[in-house]
Amino acid sequence: MSSFSEDDAFEAAAAPANRPSLSQMAMGARPTPYLDGLNPAQREAVETLDGPVLMLAGAGTGKTKALTCRIAHLLNTGRARPDEILAVTFTNKAAREMKDRVAGLMGQSVDGVRWLGTFHAICVKQLRRHAELVGLKSNFTILDTDDQIRLLKQLIRAADMDEKRWPARQLAGLIDGWKNKALTPAKLGAADEMAFNDKGKTLYAQYQQRLKDLNACDFGDLLLHMVTIFQNHPDLLEQYQRWYKYILVDEYQDTNVSQYLWLRLLAQGHRNICCVGDDDQSIYGWRGAEVGNILRFEKDFPGAKVVRLEQNYRSTPHILAAASSVISANAGRLGKELWTAEQDGELVRLIGHWDGEEEARWVGEEIEAMHSGTRSRLRKFSLDEQAILVRASHQMRAFEDRFLTIGLPYRVIGGPRFYERLEIRDAMAYFRVVISPEDDLAFERIINVPKRGVGDKAMADIQITARTNGVSLKEGARIAVQDGLLKGKAKTGVAQLIDQLDRWSSLCVQQIRVDGVADEDAVIERDEEPAEISHVELAEMILDESGYTTMWQNDKNPDSPGRLENLKELVKALEAFDNLGGFLEHVSLIMDNSSEEQGEMVTIMTLHGAKGLEFPVVFLPGWEEGLFPSQRSMDESGQKGLEEERRLAYVGITRAEELCTISFAGNRRVYGQWQSQLPSRFIDELPPEHVDVLTPPGLYGGGYGAASSGGFDSGAASGMSTGFEDRVSKADGYNSPGWKRLQSRSQRSGAATNVRSGSGSMTIDAKASAVFTVGDRVFHKKFGYGQVMELDGDKLTIDFDHSGEKKLVASFVVPADKASDVPF
DNA sequence: AACTTCTTACTTTTT
DNA sequence: GTAAGAAGTT
């Protein structure tokens, strides 16, 4: 086992001697031009180098700038050598950006900052060094979710449980959750032990044992193992504590318990830890993030300096005001108020639509109008400058459909990532078995892909053979073939596969790196002795000879050509690596979306995916109760869930630089069933004076109180102006001037946005109660005829003859005798 | 063993 | 409404 200091000595010696190190260059007085562009708060965050610092950085306040300047400053002042800085991010993208920007500031590449990376990448690096302390070998493999599920399925089956009642997915979720909380099987609480049909703890323990047997770990283990190691080996921990003089953490509000413990252990030495985050942007609670970590920072690190970055450089005042107003409804915030030096800007726009398709149509027209510059007062916006941010990915389809028909180019971000695609994982599984013949999970994945006549029976036989002989699945299969256990198609198929695998492996042997620890930072250009066959050729050979390529060529699914394309891309990606092994190591951690798009396109993505991004024009559709805030979130996590949804709304609004448009639909098809939708309560939390309402009031409820109860009655009805009444055009259902104007507005896209003088003076609740009384027969375009059961402000509870009871906004129905008047 | 029909359940997602 | 997974059929 290599001790830490030996490693360091080795690495220090191996450092190129012909180039002055950053710290050498940093000796003596150096100019600090990078400090000049900072505002006072940023500067304080950058210059407070010693002791714990919490940087509360609101959206768009230049947090990455401050973070990267801080690193540059640490190096520049000679406080730390590049490798004495530990800088952690959540995503590879963020890590890359930080590296690039520090390099930009320093005017040179910063390869020396070896400990800048994601939590997982850094933990892998550490764990490879100390794997034996948790019973693993240094070359352990990292399982992805798919492998994980397959393994758990086997365990559940072995435990004789009903796979339907006790799905492996659910168990995987539980185990992930425990690992996020740094709970090993031994540390599980009583309730958790009994989870999953009383088998929670047992199965978890079995799973961990299986992982150890396979010399593998999952993503959660990377963190958890390191925490365990540090907790059990104080001497080792101390070395690391001494080593990392300065620690920086990005997106601290997203850390889970394991990550928190890991950080806290490492920071106990020098206590120079700088955590950057925004409690208002904590949107990953559902995957174990603990907002509590950031809320507790000052207690964890007494004497911590708290710096607030509140000057926003991204959005207009109206956008900021809307975001602030929404988020202020949350309790227990650390408190921050964004402000901007900007004066001008558009109001946040709010519009309601009849249904989801209408919403998509309108957004499409708006995007085209923005693009062609026909929107008066506003500049032209390229498609790249516009984005649609949805709560859930299924909302994307309506927009895709619409954009396809009108020929508006778009890009969807957040689909299945390249390396998560079926064909890529299959190919990778082939590579894995070739490199490590004992990789049972990979072997299992490919043994019958393409079809080799291996079914449940044959597979079970192979499993048993392997187990009784105590060998890998591949060897078990070999024995099963020799012993005549397999018959017919399966026999020939498996025999051929094994021969092929053996041959590929032998071709691969000379390529396996001897140093074992493949460093992802290793220079990729390093020339190796050209093997008889390059790893790229080998990969092509594997895919061709195995029949895998042929399988997709013969497949007549419309997506097969795409899959073949992806396989070609995979082979191309290989070229950047020395060998297959190095490539696999890289891929297991870096699940990047390697898509080089061309041309201008509108971006469609989820709110989660948009965190950290910004767009001049942002559309936020689907602000409806149940969809956003998501019903499930509220059901599962109650008030906490609602607040996280609200933070998501905050994230969404603050993505917009110049124009933010929120919309909702009154009707939406959910799981194939038409449902009437109520406007989101978040809409009521928007500040009226900063909102431009493009909607006839009936569509959203006229003012406050769409869903948050009472607000409407006590506000509008009692004569207390909520602000929206004056701004909106008055309408009374389908035939109202307001509704007509909305329709025509979207047809002539050049119409000015802020012409909305009221034509009537009655508010819609007055109208609703004036027009409808309990017992009235009404007609609704989608639900047909029904009877009014209850009145609630502008909303009616209606018992529909065919669709049952529903609560909806009054303007969606007309008296039954006016049914024929309903347009379209 | 492979193909077909039926049931069921359904956020958000990085590593 | 759809996609995945399980049961049922060839």
Side-chain angles (χ1 to χ4, degrees), chain A residues 88-95 117-124 142-145 148-149 153 162-165 167-170 173 176 179-180 217-224 251 254-256 258-259 282-289 356 389-398 401 413-417 419-420 422 448 450-460 486-490 493 520 586-593 605-612 622 626-637 641 644-645 647-648 651-652 668-675:
Chain A
V88 218
T89 65
F90 273 87
T91 64
N92 292 301
K93 203 175 145 205
T118 63
F119 276 100
H120 296 269
I122 290 171
C123 281
V124 172
I142 301 162
L143 298 192
D144 51 41
T145 324
Q148 210 179 334
I149 300 278
K153 228 175 219 167
D162 181 0
E163 286 172 76
K164 264 188 118 174
R165 269 195 67 201
R169 292 212 139 278
Q170 193 189 327
D176 265 354
K179 289 184 176 177
N180 286 338
C217 62
D218 61 26
F219 284 116
D221 281 335
L222 296 176
L223 262 301
L224 185 48
E251 306 280 15
D254 287 338
T255 50
N256 62 35
S258 287
Q259 289 157 342
S282 161
I283 54 173
Y284 286 109
W286 49 274
R287 68 178 197 209
L389 310 181
V390 298
R391 174 62 183 83
S393 45
H394 61 76
Q395 288 171 262
M396 294 176 176
R397 182 145 77 236
D401 285 351
I413 308 245
R417 272 167 291 288
Y419 290 110
E420 276 170 15
L422 178 84
N448 202 31
K451 300 265 184 293
R452 294 192 179 86
V454 182
D456 294 345
K457 172 91 169 37
M459 197 59 221
L486 300 181
K487 303 192 171 56
K489 251 181 145 181
E520 48 168 340
H586 171 84
V587 164
S588 62
L589 274 177
I590 298 175
M591 295 288 208
D592 257 347
N593 226 347
M605 67 196 308
T606 62
L607 287 164
H608 283 93
K611 195 168 85 157
L627 183 57
F628 188 44
S630 133
Q631 192 56 52
R632 184 148 171 195
S633 196
M634 294 188 291
D635 290 347
E636 282 175 8
S637 315
E644 184 154 314
E645 295 286 307
R647 291 193 290 267
L648 210 40
V651 168
R668 199 175 283 280
R669 210 165 22 196
V670 183
Y671 302 139
Q673 287 273 288
W674 278 101
Q675 276 204 312

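Below, all heavy atoms of this structure are taken into account, side chains as well, without hydrogens, waters or symmetry copies. Throughout, protein chains are lettered first and strands after them, A, B, ... in sequence-line order, and every chain is numbered starting at 1.
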### Query
Among all residues two or more places apart in sequence or in another chain, which pass the side chain to side chain donor-acceptor pair (under 3.5 Å) test with Asn448(A)?
none
### Message
So, using salt bridge (charged side-chain N to carboxylate O under 4.0 Å, His left out) as the criterion, who are the partners of Asp176(A) when residues are at least two apart?
### Response
none
### Summary
Result for side-chain contact (heavy atoms from CB on, under 4.5 Å) between Lys179(A) and one of Leu223(A), Leu222(A), Asn256(A), Asp218(A) points to Asp218(A)
### Query
For Asp218(A), which contact category applies under a 4.0 Å heavy-atom criterion: base, sugar-phosphate, or nothing?
nothing
### Task
For Arg397(A), answer base if it contacts any base atom (sugar-phosphate contacts may also be present), sugar-phosphate if it contacts only those atoms, and nothing otherwise; contact means non-hydrogen atoms under 4.0 Å.
sugar-phosphate
## Note on the structure
Protein-proximity profile, nucleotides 4-14 of chain B, B/S/- by nucleotide at the 4.0 Å heavy-atom cutoff, equals ------BBBBB
### Query
For Phe119(A), what residues pass the ring pair (Phe, Tyr, Trp, His ring centres under 6.0 Å) criterion, not counting sequence neighbours?
Phe90(A), Trp262(A)
### Results of side-chain contact (heavy atoms from CB on, under 4.5 Å) for Ser393(A) - residues two or more places apart only
Met396(A), Thr606(A)
#### Entry: Span of DNA chain C, from the first to the last nucleotide whose atoms fall under 4.0 Å of chain A heavy atoms
dG1(C) to dT2(C)
### salt bridge (charged side-chain N to carboxylate O under 4.0 Å, His left out) involving Arg669(A) - partner list, sequence neighbours excluded
none
#### Entry: All salt bridge (charged side-chain N to carboxylate O under 4.0 Å, His left out) counterparts of Glu644(A), not counting sequence neighbours
Arg647(A)
### Query
Separation of Asn448(A) atom CG from dA1(B) atom C1', in whole Å?
8 Å
### Message
Could you work out, with side-chain contact (heavy atoms from CB on, under 4.5 Å) as the rule, every residue matching Ala610(A), not counting sequence neighbours?
### Response
Leu389(A), Met605(A), Arg655(A)
### Message
Once pairs are restricted to Watson-Crick or G-U wobble with both distances under 3.5 Å, how does DNA chain B read as a dot-bracket string, [ ] for crossings and | for other-strand pairs?
### Response
||||||||||.....
### Task
For Ser633(A), check side-chain contact (heavy atoms from CB on, under 4.5 Å) against everything at least two apart and list the hits.
Ser630(A), Glu645(A)
#### Entry: Pro450(A): partners by side-chain contact (heavy atoms from CB on, under 4.5 Å), with sequence neighbours left out
Tyr430(A), Arg452(A), Tyr548(A), Met551(A)
### Query
If anything within 90° of 0 is syn and all else is anti, what is dT11(B)?
syn
